[in-house]
Amino acid sequence: MIYHNRRSIPYYSFQNLDSYPELQHAVFTRHGGVSPPPWDSLNLGWAVGDDDANVEANYRRWTLQFGIPRDDLATTHQVHGNKVLVAGAEPMGDVPGRADAMITATPLLPLTQRYADCTPILMFDPVKHACGIAHAGWRGTVARCAESTVQAMHSQFGSDPADIVAAVGPAIGPCCYEVGAEVVSAIERSQRQPEQLLSRPSNEGGVHLDLWTANATQLQDAGVGSVEVAGLCTSCHRHIFFSHRGDGGKSGRFAAFIMLNTPSCL
Ligand SMILES: [Zn+2]
């Protein structure tokens, strides 16, 4: 990933997605907003204890920086599943649908979701001019949300997975993500080669899960041609990102967004 800090709100972008001028995307950090601790400062999550006025001010700050009308944002109520919403086909309404992924072929429709240890996944098909965003913690990984998003781009827009350029963003890493027996067993049942995703770094500690590799593998197994993995652990880097685990459960949410430009923007 590439770090951009020349404007008031710093963000990261992925190298493989940056090569397409017909696409805009960003992964924000916890910096550049107005929220006080423990949501300092660019908290984009509601219902985490922060004042809604701060959250709204934060949305206005980042959309202003990118020249995006605040009310154009499409998002979902994230529920740790594998449902994919198609945005742009019809108005999404004021109440976000319950889903963990969104796809669109509509230009200038920014898709955004929120994270604090779960895995951000961004996708772009430069041939069919479609994009998508997904959110996968352990439940979404077990439900194969990343794979479902690729399949939805194929069924909705005719995307050939080989054309899709995808990125796996900052999430809690195998260094920090200790999981219990329920998660181990769900991963063993749902993933190909689960032994590559589960490790025991020390004799005293428990089993650790690698969400980065799990989701990158799902994308590759679905035929995605290019997958970039950020490899940044939100818990190790909780001074940069919000981390639910690293911040002891009292934390904000950072966001990612992806949007198709119109041809006139090129
Ligand atoms: Zn870590």
Side-chain angles (χ1 to χ4, degrees), residues 1-5 10-16 26-33 35 37-45 48 78 80 100 113-122 133-143 145-146 166-188 190-191 193-220 227-256:
M1 285 202 303
I2 301 166
Y3 184 55
H4 306 261
N5 65 348
Y11 63 97
Y12 285 87
S13 66
F14 292 98
Q15 280 169 286
N16 65 349
V27 176
F28 297 106
T29 72
R30 64 184 300 160
H31 300 301
S35 299
W39 310 283
D40 50 318
S41 60
L42 193 72
N43 170 43
L44 296 164
V48 293
Q78 299 163 200
H80 299 284
D100 288 274
Q113 289 190 317
R114 301 157 304 284
Y115 309 90
D117 291 343
C118 291
T119 316
I121 300 156
L122 302 182
I133 190 167
H135 158 266
W138 77 262
R139 290 181 191 278
T141 301
V142 165
C145 186
V168 173
I172 192 165
C175 39
C176 295
Y177 194 26
E178 187 173 323
V179 293
E182 176 197 8
V183 177
V184 170
S185 131
I187 289 291
E188 286 173 342
S190 62
Q191 311 296 302
Q193 299 184 305
E195 67 281 0
Q196 294 188 359
L197 309 175
L198 300 165
S199 61
R200 194 182 289 274
S202 72
N203 287 335
E204 299 84 51
V207 176
H208 288 211
L209 170 59
D210 184 347
L211 289 174
W212 308 337
T213 302
N215 284 284
T217 302
Q218 282 184 24
L219 293 167
Q220 284 155 349
V227 181
E228 180 175 333
V229 178
L232 273 178
C233 171
T234 43
S235 183
C236 285
H237 297 91
R238 54 187 178 272
H239 56 295
I240 302 175
F241 301 101
F242 294 111
S243 170
H244 182 77
R245 177 84 56 106
D247 293 333
K250 287 203 86 176
S251 188
R253 300 289 181 273
F254 65 90

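Each ligand, and each atom within it, is numbered from 1 in the order the structure gives. All residue numbers refer to positions in the sequence shown, counting from 1. Every value quoted in this text rests on a predicted model; they were computed, and no experiment measured them.
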Checklist entry - Counting no waters, how many protein N/O/S atoms sit under 2.8 Å from the Zn ion (ligand 1)? => result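 Step by step: take the Zn ion (ligand 1), keep protein N, O, S below 2.8 Å, and you get 4.
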Checklist entry - Do you see a donor-acceptor pair shorter than 3.5 Å between the side chains of N215 and T141? => result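 T141 and N215 do have a side-chain donor-acceptor pair below 3.5 Å.
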Checklist entry - Pick from V27, L44, T29, N43: which one makes a side-chain contact (heavy atoms from CB on, under 4.5 Å) with F254? => result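 Passing option: V27.
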Next on the checklist: Could you tell me if the side chain of R30 sits less than 4.5 Å from the side chain of D40, heavy atoms only?
Outcome noted: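 Yes, close enough: below the 4.5 Å cut-off.
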Checklist entry - Within a strict 4.5 Å, meaning less than it, do heavy atoms of the I133 and I121 side chains meet? => result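 SC-SC contact between I133 and I121 ruled out.
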Item to check | Exceeds 12 heavy-atom contacts within 6.0 angstrom, atom NE2 of H244 | outcome: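 Counting neighbours around NE2 of H244, 12 or fewer heavy atoms of other residues, nucleotides or ligands fall under 6.0 Å, so no.
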Item to check | Flag, side chain of N16 to backbone of A166, donor-acceptor distance under 3.5 Å | outcome: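 Yes: the side chain of N16 pairs with the backbone of A166.
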